[in-house]
Amino acid sequence: MAASSSGEKEKERPGGGLGAAGGNSTRERLLSALEDLEVLSRELIEMLAISRNQKLLQSGEENQVLELLIHRDGEFQELMKLALNQGKIHHEMQLLEKEVEKRDSDIQQLQKQLKEAEQILATAVYQAKEKLKSIEKARKGAISSEEIIKYAHRISASNAVCAPLTWVPGDPRRPYPTDLEMRSGLLGQMNNPSTNGVNGHLPGDALAAGRLPDVLAPQYPWQSNDIAMNMLPPNHSNDFLLEPPGHNKENEDDVEVMSTDSSSSSSDSD
Amino acid sequence: MAAAVAMETDDAGNRLRFQLELEFVQCLANPNYLNFLAQRGYFKDKAFVNYLKYLLYWKEPEYAKYLKYPQCLHMLELLQYEHFRKELVNAQCAKFIDEQQILHWQHYSRKRMRLQQALVEQQQQNNTAGK
């Protein structure tokens with residue numbers, strides 16, 4: 001009995017020793033403390049049983065075991081308290097985690113809404129910019145209605161874009177400047193100052209001749225003095241590979257020979 | 001003083017150039033004139049083609065308001081294409097353009113005649129109904 005008990009003691013001690021040193025978590029420590037208590041109490045009961053049979057004095061050992069038992073019990077109680085605290089803390093942690101989750105979901109919700117709002121705003125801003133662009137464009141091309149009406153009146157009254165109501169085939173008037181008009185204009189006059197009335201067409205075109213002032217009148221520039229300097233034609237460069245005077249010479253040729261050509265085409269002006 | 005004189009001659013030169021180019025660009029509305037130019041080979045001259053391109057400034061509203069014959073702008077645009085310039089050598093082409101231009105020119109008078117006829121018919125109907 002004693003041998004077996006001491007053998008058990010030896011077996012248990014390392015187990016107990018291991019239990020004390022290796023258990024880090026509270027649970028393991030609690031369990032090891034419980035094991036120790038179990039071991040010690042078993043030993044004590046065996047010793048008591050033995051001592052009843054043998055009546056030998058083993059008081060030293062009994063005391064030792066008792067002290068160990070008490071000590072272990074104390075540790076156990078402490079560990080229990082610790083476990084209780086830890087439980088409370090764990091509970092609080094769970095509550096807090098729940099709170100954190102709630103807030104997290106709130107934040108995500110807000111984020112979604114913010115993104116939506118951003119998208120809507122971006123679209124709105126883009127459309128507003130487009131509108132502004134088109135407003136700018138419209139404003140750039142804005143012409144006063146009075147000016148447009150004046151211009152429309154000018155080009156219609158002179159029958160430039162709309163035929164005269166009494167027009168019949170045979171009428172020399174045309175939607176473009178006729179050769180007579182061309183020759184009597186500045187281009188023609190510049191190179192042929194003396195040929196006014198020489199051409200064979202003119203006597204036949206008495207009607208057209210009577211309209212000469214009409215022809216000259218709409219070409220406003222030299223009658224009115226309101227050409228601003230910035231209205232003048234753009235760059236006067238020599239890009240055309242030709243001198244301007246040479247260019248006018250072409251017009252001279254054009255204008256002189258025009259009469260023979262137009263006689264064939266505007267045959268209805270007899 | 002000299003600068004002012006120079007400015008004046010410059011100004012006068014510019015005004016003259018303005019009038020000349022105004023007249024010339026409007027002459028382009030005349031298909032017979034275009035045929036004339038084509039037959040004399042002006043459209044083959046690179047300088048002339050460049051000049052036609054330069055004349056496109058008449059499309060700007062500040063310049064266009066001086067044009068009496070706005071059709072010239074359309075002809076000017078067409079003239080930028082070489083195919084058109086080549087076609088204009090044919091007299092038939094010029095004649096066709098001329099006819100179409102005159103027919104278009106008469107568009108409003110035709111429309112007016114139709115309206116007047118309709119009005120007259122309606123009045124006749126009213127008269128007969130009244131009687």
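By convention in this document, chain letters (A, B, ...) are assigned in the order of the sequence lines, proteins followed by strands, and residues within each chain are numbered from 1.
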(request) Report the distance from atom CD of B:Gln19 to atom CG of A:Leu186, rounding to the nearest 0.5 Å. (result) 5.0 Å

(request) Please name the pair of heavy atoms, one in B:Asn30 and one in A:Asp179, separated by the smallest distance, quoted to 0.1 Å. (result) ND2-N, 4.3 Å

(message) At a 4.5 Å cut-off on heavy atoms, which part of B:Ala64 comes close to chain A: side chain, backbone, both, or neither?
(response) backbone

(message) With a 6.0 Å cut-off (strictly less than), is the heavy-atom count around CD of A:Glu130, excluding the residue itself, greater than 12?
(response) yes

(message) Which one wins on heavy-atom pair count under 4.5 Å against chain B: A:Pro164, A:Pro177, A:Cys162?
(response) A:Pro177

(message) Counting only non-hydrogen atoms closer than 4.5 Å, does B:Gln106 touch chain A with its backbone (N, CA, C, O), its side chain (CB onward), both, or neither?
(response) both

(request) Can you measure from NZ (B:Lys65) to CD1 (A:Ile155) and round to the nearest 0.5 angstrom? (result) 14.5 Å

(message) To the nearest 0.5 Å, what is the distance between OH on B:Tyr69 and CZ on A:Arg174?
(response) 11.5 Å

(request) Look up atom CD1 in A:Ile143 and atom CD in B:Glu62, then write down how far apart they are to the nearest 0.5 Å. (result) 9.0 Å

(request) Please report the shortest heavy-atom distance between A:Ala160 and B:Lys68, naming the atom on each side. (result) CB-O, 3.2 Å

Name every donor-acceptor pair, under 3.5 Å, that has one atom in a side chain of residues 105-117 of chain A and the other anywhere in the protein, sequence neighbours excluded.
| residue | atom | partner | partner atom | Å |
| --- | --- | --- | --- | --- |
| A:Ser105 | OG | A:Lys102 | O | 2.8 |

(request) Considering non-hydrogen atoms only, spot the tightest contact between B:Asn32 and A:Tyr176 and give its length. (result) ND2-OH, 3.6 Å

(request) List for me each residue that meets salt bridge (Lys or Arg N to Asp or Glu O under 4.0 Å) alongside A:Glu136, sequence neighbours excluded, and say none if there are none. (result) A:Arg139

(request) Can you check whether anything in residues 108-124 of chain B gets within less than 4.5 Å of chain A, heavy-atom wise, and list it by number? (result) B:Tyr108, B:Ser109, B:Arg112

(request) Determine whether more than 12 heavy atoms belonging to other residues, nucleotides or ligands lie under 6.0 Å from atom CD of B:Gln100. (result) yes

(message) Using side-chain heavy atoms (C-beta onward) and a distance below 4.5 Å, is A:Tyr151 in contact with B:Pro61?
(response) no

(request) Mind checking side chain to side chain contact (heavy atoms under 4.5 Å, CB included) for B:Cys72 and listing every partner two or more places apart, or none if nothing turns up? (result) B:Val25, B:Gln26, B:Ala29, B:Leu67

